[in-house]
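Numbers restart at 1 for each chain; the letters A, B, ... are given by sequence-line order, proteins then strands.
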2 protein chains.
Amino acid sequence: MTKEAGKPAREADKAADKAKGSKARAVADALTLAVHEHRLAPGLKLNEDEVGEIFGVGRTIVRSALQMLAHDQLVTIEPNRGAFVAEPSIREAREVFEARALLEPRTARSAAERITPQDVATLRAHNAAEHAALDRGDFGMAVRLSGEFHIELARIADQSTIAEFIAQLIARSSLVVALYWRRPKAMCETHAHEALLTALEQGDGATAEELMKGHLLDLLSSLDLRETPAAPRTLRDALRP
Amino acid sequence: MTKEAGKPAREADKAADKAKGSKARAVADALTLAVHEHRLAPGLKLNEDEVGEIFGVGRTIVRSALQMLAHDQLVTIEPNRGAFVAEPSIREAREVFEARALLEPRTARSAAERITPQDVATLRAHNAAEHAALDRGDFGMAVRLSGEFHIELARIADQSTIAEFIAQLIARSSLVVALYWRRPKAMCETHAHEALLTALEQGDGATAEELMKGHLLDLLSSLDLRETPAAPRTLRDALRP
DNA sequence: ATTTTTAAGATCGTGTACAATCTGATCTCA
DNA sequence: TGAGATCAGATTGTACACGATCTTAAAAAT
């Protein structure tokens with residue numbers, strides 16, 4: 001009996017599951033969450049020793065986690081310089097939304113065809129939480145929940161490969177929003193999500209696809225992606241705050 | 001100052017080849033290439049010490065490279081067990097082609113709108129090399145070149161984010177082909193590529209999009225993705241669905 | 001005073017050693 | 001003989017130390 005008998009509750013084991021997967025994954029997930037909630041500003045330097053100290057792990061773990069994030073383009077690793085929270089260029093920002101425009105509308109249609117009442121309940125809960133966060137003024141949490149809505153949709157569509165891509169794009173979108181957000185008139189977003197939700201609930205795939213397409217265009221148009229003059233955006237300047 | 005006299009010796013060639021990326025990237029690229037050429041069979045165990053010995057690097061580098069490949073789902077890392085060349089399930093195989101169907105046709109259209117004579121020349125060279133490899137009976141090289149055709153197309157479309165996704169999907173497609181290929185009547189592929197090339201050369205985006213869509217469907221239909229594959233690859237896979 | 005040089009400090013890249021874990025085989029007992 | 005326990009070998013997970021490289025800033029020379 002070297003091992004505990006059986007496997008206990010699945011939901012309660014979530015934390016243990018991550019710890020078991022690997023500490024590096026746990027650190028990477030924590031950092032990703034922080035990016036989703038806009039708690040890590042683009043350009044911030046992520047010192048390996050410092051991060052390791054915070055999470056109580058060695059530098060090896062931190063390095064592994066940072067490499068994961070670098071692969072998702074959430075951080076950029078400059079050789080012999082260190083890791084920094086990524087600062088997506090305007091071009092990259094456009095590319096991210098271009099990719100989302102290719103993936104998400106069709107995925108929303110698929111989701112509409114397979115959605116279950118349970119899924120609807122989950123999404124409604126997400127929506128409610130997002131509203132609550134906005135009313136509370138917790139913009140970070142609102143951005144995170146808004147992104148999770150899209151990720152959950154991809155998961156419902158039962159296409160884990162595409163869902164993985166979308167998750168990456170959502171994370172990068174959080175950085176894009178942090179950099180190029182125009183005005184806090186984002187409230188339309190939650191309404192867009194609600195309209196989507198009703199279409200999904202009725203199994204109306206075509207409408208869901210169109211709504212998602214429009215939603216992404218709205219999001220894109222709410223950004224300020226004009227070319228910055230002379231681009232004085234060096235890392236040194238970015239680190240000045 | 002005298003950098004050349006420092007420590008060139010045996011690593012000079014590799015340093016010149018991948019001067020920018022680290023050694024880990026070089027190892028990862030080499031392994032990826034081997035997968036593309038069907039030189040690494042799915043399910044093969046990649047012993048860290050062994051790989052390190054082959055490439056003349058330490059286990060740290062190998063570990064980093066394997067983590068990169070694991071992120072691309074080219075290898076699966078089982079905790080305390082090691083790394084194995086991935087064996088995509090039938091479901092994963094379908095998902096890969098589903099994702100390609102979403103990304104590549106529209107990307108082909110974009111490529112047609114931006115393609116330059118230089119790009120056409122490059123693609124023609126690729127095509128010729130693919131034909132030559134097939135005539136020579138070098139199927140591994142043919143598969144690799146066929147994949148690179150698609151990747152190059154995405155690059156021409158000037159959407160590096162989407163190109164990155166497609167590159168991942170192509171790599172996984174190589175594994176899928178290795179596992180589920182039906183018959184060596186793949187010659188249609190090269191003709192499909194040639195038809196695409198002419199459409200691209202004429203800037204006919206709509207035709208290119210349609211051709212790509214059909215090409216991907218042909219590819220998918222040339223696989224044997226029946227739910228009951230007579231070949232449960234390994235006992236481990238059979239026991240761990 | 002400005003520019004170049006130089007040195008110090010800090011950070012990252014890599015190899016190596018040790019601990020944890022798994023696999024496979026041997027041994028014991030019914 | 002067969003099932004279960006135990007142990008040796010091997011492999012991965014992690015921490016740590018040393019060397020390489022970059023940044024920073026002071027100091028010296030023009």
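- Judged by distance alone, the side chain of Asp72(B) and the main-chain N or O of Leu69(B) form no donor-acceptor pair under 3.5 Å.
- Rounded to an integer number of Å, the gap from Gln67(B) CD to dT14(D) P is 10 Å.
- In this structure, CD of Glu48(B) is placed 16 Å from P of dC22(C), rounded to the nearest angstrom.
- One interatomic measurement links the two molecules: CZ of Arg25(B) to C1' of dG13(C), which rounds to 16 Å at whole-angstrom precision.
- The 5' end of DNA chain C is approached more closely, in terms of each residue's nearest nucleotide, by Asp49(A) than by the other of Asp49(A) and Arg59(B).
- Arg63(A) places its CZ atom 17 Å from the P atom of dA17(D), with the value rounded to the nearest Å.
- One atom, CZ of Phe84(B), and another, C1' of dT23(C), lie 11 Å apart when rounded to the nearest Å.
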**OP:** Decide side chain to side chain donor-acceptor pair (under 3.5 Å) for Glu152(A) and His126(A); before the verdict, give the C-alpha distance in whole Å, the side-chain angles of both, and the deciding distance to 0.1 Å.
**Re:** CA-CA 9 Å; Glu152(A) 189 67 20; His126(A) 258 291; 4.9 Å; no
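- Salt-bridge annotation for Arg91(A) and Asp158(B): present, with a side-chain N of the basic residue lying under 4.0 Å from a carboxylate O of the acidic one.
- Contact between the side-chain N/O atoms of Lys45(B) and the OP1/OP2 oxygens of dC22(C) is not found at any separation under 4.0 Å.
- Computed from coordinates, the Ile77(B) CD1 to dT11(D) P distance equals 17 Å when rounded to whole Å.
- Other residues, nucleotides and ligands contribute over 12 non-hydrogen atoms within 6.0 Å of the CZ atom of Arg114(B).
- Across the interface with DNA chain D, nearest-nucleotide mapping of Gly82(B) and Gly58(A) shows Gly82(B) to be the residue nearer the 5′ end.
- Across the protein-nucleic acid pair, Asn80(B) atom CG and dC22(C) atom P stand 5 Å apart, rounded to whole Å.
- In this structure, Glu48(B) places its CD atom where more than 12 heavy-atom neighbours from other residues, nucleotides or ligands lie under 6.0 Å away.
- Contact between the side-chain N/O atoms of Asn47(A) and the OP1/OP2 oxygens of dT11(C) is found at a separation under 4.0 Å.
- In this structure, the nucleotide among dT14(D), dT12(D), dC12(C) sitting nearest to the side chain of Ile61(A) is dT14(D).
- A close approach under 4.0 Å does not occur between any side-chain nitrogen or oxygen of Arg81(B) and OP1 or OP2 of dT11(D).
- If you take CG of Leu66(A) and P of dT11(C), they are 14 Å apart, rounded to a whole angstrom.
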